[in-house]
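Chain identifiers are assigned alphabetically (A, B, ...) following the order of the sequence lines, protein sequences preceding nucleic acid strands; residue numbering begins at 1 within each chain. Keep in mind it's a predicted model, so treat the numbers as computed, not measured.
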Number of protein chains: 2
Amino acid sequence: MLNGRTPSVKDVAAAAGVSLGTVSNVMNRPEVVSARTRERVERAMSELGFVRNESARQLRAGTSRTLAYVMLDGTNPFFHDVAQGIELAAEDADLSLFICNSNSRSAREEVHLDRLLQQRVQGILITPVDPSSAHLDELTRRGVPMVIVDRVRGADSCCSVSVDDVLGGRIAVEHLAEQGHTRVAVVGGPDSLGQVGERLQGAREIWQSLGRDPEDLIYLPTEAMTVAEGRSAGERLAGLPARRRPTAAFCLNDLLALGLLQQGIGAGLRVPDDLAIVGFDDIEFAAAAAVPLTSVRQPRQELGRAAAQLVLDEASNPDHRHEQLQFTPELVARASTVSRARGR
Amino acid sequence: MLNGRTPSVKDVAAAAGVSLGTVSNVMNRPEVVSARTRERVERAMSELGFVRNESARQLRAGTSRTLAYVMLDGTNPFFHDVAQGIELAAEDADLSLFICNSNSRSAREEVHLDRLLQQRVQGILITPVDPSSAHLDELTRRGVPMVIVDRVRGADSCCSVSVDDVLGGRIAVEHLAEQGHTRVAVVGGPDSLGQVGERLQGAREIWQSLGRDPEDLIYLPTEAMTVAEGRSAGERLAGLPARRRPTAAFCLNDLLALGLLQQGIGAGLRVPDDLAIVGFDDIEFAAAAAVPLTSVRQPRQELGRAAAQLVLDEASNPDHRHEQLQFTPELVARASTVSRARGR
DNA sequence: GAGTAAAGTTGAAATGTTTCAGTGAACGTA
DNA sequence: TACGTTCACTGAAACATTTCAACTTTACTC
């Protein structure tokens, strides 16, 4: 009778000698069906190997059981930690999480968003290539619950969860200044990235308010925030004339910092004595670097978890108000800036 | 007329003055509809902001447009590289990739698989917690296309894609022997992991065939394959009496190697002179470590890509035969085993 | 033992697509 | 003019579920 087909509720109903509706009740409102019938239905299900068809469920019920996260860069562990936070929240809400990766390409991002719309996901979390791009407006217009992660977006057009990047820049450079450095490099880019601008701004603000010469805070732009670019920045740094060469570097993320660290050590520098390094994000590998990296910690999982909660609220709460959540970053001092003699 | 509802094909048809079937044809067989009509329908679609409902499509068409990868450990970049390879293949086949993470918990893995069955995904790629667990058999029995990634499974019950781990162990230890080391530690565990057993076996085989004393190949078991466990292994290593202390370590993955490296350097060892280190996997961060890590490279992306191709074949080719693809690992020698003086 | 309330079960309608047999129109050919 | 062929389009059925008003059974009360 089933001839190969995967069994449907109808088959289960027939096998258990009840109606369709009862089978459905067993799955969705078990409390309304008598224990005896329920047991009979459940046995039939497992005997037939019944597996509910989610498409049909979703079509009829009109609601999907998935959240999606479109991450910016799959090679940066930071985003996986954020994803992990989202996943935990999704697990609590009994939802599945769909993870996509735009790899910093706007076109790919758009393809993913389009698919997600077609799937009618409950909500979309995204770290966008460009927070002001048109396809994000599109989502808002459609009323799809959306939260921007680790970026902000003009106006109150949607929720966002981020970290105070200006403050992050301030505490990084303040820390270096406290360690006695008088010439500091800031490494990162491209400055079209909002965060680059803000972290740099924070760095400049504190530098100025400490009464230092702006000339002594040297911005070293990079083309991306990768390990390779960090290495290349290190080479440029080494190429500077000794009297202009900084004794410390604030890297705008940990990948850059790891690259810089590697290049520096390879070139025979002692870290932190010849060159102190501060990173940003505090990814797992920061602490695990050969010279453990001082870094400005973002609460990565927390970021994801909070974002998921916002999107769920937007999805279920009719008088949801958009919120721009901002976390406070925090300096984690390790050996890359604090030499053993001084630090302990 | 639409009162807030998201528009359906029916609405588009009405707006364009054609029938349902024609709208469907515009989407699925544009060549059978005249240019004039097609254009009219397309305009109606974009005016209404129509987005195809994937659940309905899938329900009727009986086929989903997604592949899924259940990864073992989201904190290990290795798996993200594999996922990236899968993603590329999926992109080529115009499919979406659903990424789940079991975090090495069998229960979580089962939940994910169950969900994926409900979604009727086209195929499942998985790096299982335990390749012989019952819920994998379940999948095979159901006829869901499945490929085991980076593991193997008894018999020809399904496709798998892996790397020759025994060979990997051999070349790692052979390399250390060539560098003149006579006492070598093998770090990794738990040995319930198939790979641990095989890599260790390879190490022992080559050690024996080089005529070395088995006593001089010291197995240092760990509880997991993480950075933290690598550090703790380093402490145990340091605690050994000098005459039994190895001058080289073969770590069964890069995370362990990075932990060991960090601990060693922190304790004042020179790498590779006091302690040479070989890792396994060759993740991105291996090359970026302060002492770039020698590692046994697995073709990570290629692994993922090949797995995706197998699963697609199983899904679409009626006379598909299960294949156990095995890649050959390859040693990438870097500074952690080759001191500058000798190596260049 | 009749009446009533509560509990349990039913079956048809609805969800948004795709598919496919069929209807017409337009055109060429004998 | 009649016939056949091609082309463009139509509309009902099917997919697997959920929902809900209506119905039946059971249990309780007086």
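The pair B:R38-B:E31 does not meet the salt-bridge criterion, since no charged nitrogen lies less than 4.0 angstrom from a carboxylate oxygen. Salt-bridge formation is not detected for the pair B:E109/B:R105: no Lys NZ or Arg NE/NH1/NH2 atom is positioned less than 4.0 Å from an Asp or Glu carboxylate oxygen. Salt bridge present: A:D92 and A:R305 bring a charged side-chain N and a carboxylate O closer than 4.0 Å. Taking 4.0 Å as the cut-off between side-chain N and carboxylate O, A:R115 and B:D94 count as a salt-bridged pair.
Phosphate contact (OP1/OP2 of C:dT9, side-chain N/O of A:T22, threshold under 4.0 Å): absent. Residue A:N28 places at least one side-chain N or O closer than 4.0 Å to OP1 or OP2 of D:dT18. Side-chain N/O atoms of A:S34 include one lying less than 4.0 angstrom from OP1 or OP2 on C:dT9. Within the 4.0 Å cut-off from OP1 or OP2 of C:dT18, at least one side-chain nitrogen or oxygen of B:R52 is found. Taking side-chain N and O atoms only, A:R29 has no distance below 4.0 Å to OP1 or OP2 of D:dT18. Listed pair B:R120 / D:dA16 fails the phosphate criterion, with no side-chain N or O lying under 4.0 Å from OP1 or OP2. In this model, the phosphate group of D:dA16 is not approached by any side-chain N or O of A:S8 to a distance below 4.0 Å at OP1 or OP2. Distances shorter than 4.0 Å separate some side-chain N or O of B:S24 from OP1 or OP2 on C:dT18.
Set against C:dT9, D:dC15, C:dT17, the side chain of B:N53 has C:dT17 as its closest nucleotide. In the set C:dT17, D:dT17, D:dC15, D:dT17 carries the atom at the smallest distance from any side-chain atom of A:A56.
D:dT18 atom P lies 9 Å from atom CD of A:E54, rounded to whole Å. In this structure, B:N25 places its CG atom 9 Å from P of C:dT19, rounding to the nearest Å. If you measure from atom CE of A:M45 to atom P of D:dT17, you get 9 Å, rounded to the nearest angstrom. Per the geometry, CZ belonging to B:R38 stands 10 Å off P belonging to D:dA8, to the nearest Å. Summarising the geometry, the separation between CG on B:L59 and C1' on C:dT19 is reported as 13 Å, rounded to the nearest angstrom. If you take CD of B:Q58 and C1' of C:dT18, they are 13 Å apart, rounded to a whole angstrom. Taking atom CZ of A:R65 as the reference point, atom C1' of D:dT17 lies 14 Å away to the nearest angstrom. When the C1' atom of D:dT17 is taken as reference, atom CG of B:L117 falls 17 Å away, rounded to whole Å.
The nearest heavy atom of DNA chain D to B:R60 and to B:V32 marks one nucleotide each, and the one closer to the 5' end goes with B:V32. Checking A:L20 against A:A35, the closest nucleotide of DNA chain C that is more toward the 5' end is the one next to A:A35.
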Start with the C-alpha gap between B:Q119 and A:N53, add the side-chain angles, then the distance that decides, and say whether side-chain hydrogen bond (donor to acceptor under 3.5 Å, both in side chains) holds.
CA-CA 7 Å; B:Q119 318 235 33; A:N53 182 323; over 6 Å; no

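A:S316 places a side-chain N or O within donor-acceptor distance of the main-chain N or O of A:L312, the cut-off being under 3.5 Å.
Nucleic acid contact class of A:T37 (heavy atoms, under 4.0 Å, all strands): sugar-phosphate only.
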